[in-house]
Structures are given as structure tokens and as C-alpha cells.
Amino acid sequence: MPYMIISFSGAPGSGKSTIAQRLADKLGYARYYMGGLRREAARKRGLTLAEYNKLGEADPATDKEVDEYQAELGRKEKDFVIEGRTSWYFIPHSVKIYLDVSPEEGARRVFLSLKGKAKEERNEDDQLDSQEAVRESMESRVASDRIRYRKYYGIDDVYDHSHYDLCLDTTGFDQDQVFAQVWDFVSERLDKGKN
């Protein structure tokens, strides 16, 4: 029976984590979240994610550990969902999904999530006390991602849509609408037996 690895990436606030988890639950697959590993590594060093990313611009170890882990998953595991900026690159045989969102809407969503218990879990950045501050932090994060992945892996732009099999702009859609589109795409692949 064919197997399927599904990798998710996308813009901050696009709904990647929510949709990846829902898809994993529906398929009965394990889900691996690379951002969570990076956030935890930052926390252990007493850093925010923003500070950890900045450190990573000079220290490749901050990325390499997570990237080697996901490459290993791609070699050894079958039937899972993985979410990470470089998952498409390190697991090239995965079905690659990118979720996009306008910077304004992404910042609005993240700002709302930071009002709850997610603030501590996300470990984003200091002083994210307005939607504008969140947007600025997200722009810095995207810029840092581009610097690090170009420097360490020669990826011209990790956010380039051409790397992916499916790209969806989630800006005007709710979670159920986005999930329905993702599910239609994935279930068609499953029906065709494509790994």
C-alpha cells in the first residue's frame, strides 16, 4: 500500500499548525512540528524565538539539529504530517503544501492568539503588545529565515511558492474552508496512490 508524507510550510499566521494537526487527526497520522522544537530550544537557552533566530544567522547549529531530525524522519518514517519551513527541502518526496496569508491578517491572527495561553507556548518575541508590533516581529522572522536558509542550504527563498504542490491563500477563509480545500487535494492524492 502506498504511503504519504505531507509537509506544511507557509506565512506566519496562515493557519499551518491548525490545519496540519486537523489533517493528521483525520488521517490517523503522527504530526511533527519543527517550530515547536525550535521554540523549546530557544526557551532552554532563555531566549525568545526571535532572539534564537538571530543567533542562528551566525550559528548554524540552531537550524541543523532540527533539519537533520526531519531529514531522518523522511528516510525512516511513513505516513506522517510534518510542519516546518524547510520540510519540503529535507523531505523532497513529501506532498508539499504552503499556506499563505496577507501580512495584516497574519498579524491579526497571531496577536489574537497571544492574548490567551498561547503567548507563553509560542515564545515569539518581547513586547508584542499591538498588532503592528506583531507584524514587525513577523517580518523580521521571515527575513531571518531567508538569511539562514540561503546561507546554510543555498535555498534562494524558502517562501517561494514554486517549491510546493499546493499553495492556498487563507486570508479570506475560515479554518473549515481551508481544511476542506486541503483535504480535497490530499484525498485525491491518496486515491491515486501517489506517495
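Keep in mind that what you see is a predicted model, and the values were worked out from it rather than measured. For the single chain, residues carry numbers from 1 onward in sequence order.
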Test of understanding: with side chain to side chain donor-acceptor pair (under 3.5 Å), list the residues that count as partners of S140, not counting sequence neighbours.
none
Taking side chain to side chain donor-acceptor pair (under 3.5 Å) as the test, write out the residues that go with S87, two or more places apart.
Q70
Could you measure the distance from the CD1 atom of I97 to the CG atom of L168? Nearest 0.5 Å is fine.
8.0 Å
By side chain to side chain contact (heavy atoms under 4.5 Å, CB included) - contacts of D145 (at least two apart):
N53, R85, R141, R148, Y149, V158, Y159
Could you pull out all residues at least two apart from K96 that satisfy side chain to side chain contact (heavy atoms under 4.5 Å, CB included)?
S7, W88, S94, Y164, D165
Sequence-distant partners of R31, salt bridge (Lys or Arg N to Asp or Glu O under 4.0 Å), two or more places apart:
E83
Using only atom types and a distance under 3.5 Å, with no angle test, would you say the side chain of S14 pairs donor to acceptor with the backbone of D100?
no
Working for side-chain contact (heavy atoms from CB on, under 4.5 Å), residues Y69 and M34
CA-CA 9 Å; Y69 172 68; M34 299 303 99; 3.8 Å; yes
Single-linkage hydrophobic cluster, 4.5 Å side-chain cutoff, M4 and I19 together:
yes
Taking every heavy atom of S130 against every heavy atom of A133, the minimum-distance pair comes out as OG-N, 3.0 Å
ILVMFWY cluster, V101 and M138 together (side-chain gap under 4.5 Å)
no
Hey, is the main chain of E57 close enough, under 3.5 Å, to the side chain of K151 for a donor-acceptor pair?
yes
D160 CG to I155 CD1 distance, which is reported to the nearest 0.5 Å
10.5 Å
Is it the case that more than 12 heavy atoms not belonging to F173 sit under 6.0 Å from its CZ atom?
no
Answer yes or no: is there a donor N or O on one side and an acceptor on the other, between the side chain of E68 and the main chain of E65, under 3.5 Å?
no
Excluding sequence neighbours, so at least two apart, what forms salt bridge (Lys or Arg N to Asp or Glu O under 4.0 Å) with K44?
none
Distance (rounded to the nearest 0.5 Å) between F179 CZ and K26 NZ
5.5 Å
Suppose we screen for side chain to side chain donor-acceptor pair (under 3.5 Å). Which residues come up paired with D176, at least two apart in sequence or across chains?
R22
Determine the minimum heavy-atom distance between A42 and T48, stating which atoms define it.
CB-O, 3.8 Å
Side chain to side chain donor-acceptor pair (under 3.5 Å) partners for D157, two or more places apart
R146
Is there a chain of hydrophobic side chains (I, L, V, M, F, W, Y, each step under 4.5 Å between heavy atoms) that links I147 to L55?
no
Stepwise, does the side-chain contact (heavy atoms from CB on, under 4.5 Å) test hold for V95 with I5?
CA-CA 6 Å; V95 174; I5 298 169; over 6 Å; no
Would you confirm whether Y152, through its side chain, and G56, through its main-chain N or O, come within 3.5 Å as a donor-acceptor pair?
yes
Under 3.5 Å side-chain donor-acceptor pair for R45 and T62
no
Between I6 and I82, is any pair of side-chain heavy atoms under 4.5 Å apart?
no
Got a sec, which residues hit side chain to side chain contact (heavy atoms under 4.5 Å, CB included) with R108, two or more places apart in sequence or on another chain?
E105, L112, Q131
Flag if over 12 foreign heavy atoms under 6.0 Å of CD, Q175
yes
Decide, yes or no, whether a salt bridge links E132 with R135 under the criterion of side-chain N to carboxylate O below 4.0 Å.
no
Indicate whether any N or O donor in one side chain lies under 3.5 Å from an N or O acceptor in the other, for R38 and Y33.
no
Between the side chain of H93 and the main-chain N/O of G74, is any donor-acceptor distance below 3.5 Å?
yes
So, taking the atom named CG in L166 and the one named OH in Y98, what distance separates them when rounded to the nearest 0.5 Å?
12.5 Å
Distance in Å, L99 CG paired with D169 CG, rounded so as to fall on 0.5 Å steps:
9.5 Å
Using atom types as modelled and distance alone, determine if a side-chain donor or acceptor of T86 lies under 3.5 Å from a backbone N or O of Y89.
no
Euclidean distance, S144 OG relative to K54 NZ, rounded to 0.5 Å:
6.5 Å
Please list, chain by chain and in numerical order, all residues satisfying side chain to side chain contact (heavy atoms under 4.5 Å, CB included) with A30, sequence neighbours excluded.
Y32, F80
Any residue meeting ring pair (Phe, Tyr, Trp, His ring centres under 6.0 Å) with F90, in chain and number order, not counting sequence neighbours:
Y153
Could you check whether atom NZ of K64 has more than 12 heavy atoms from other residues, nucleotides or ligands sitting under 6.0 Å from it?
yes
Under the salt bridge (Lys or Arg N to Asp or Glu O under 4.0 Å) rule, collect the residues that match up with R150, sequence neighbours excluded.
D156
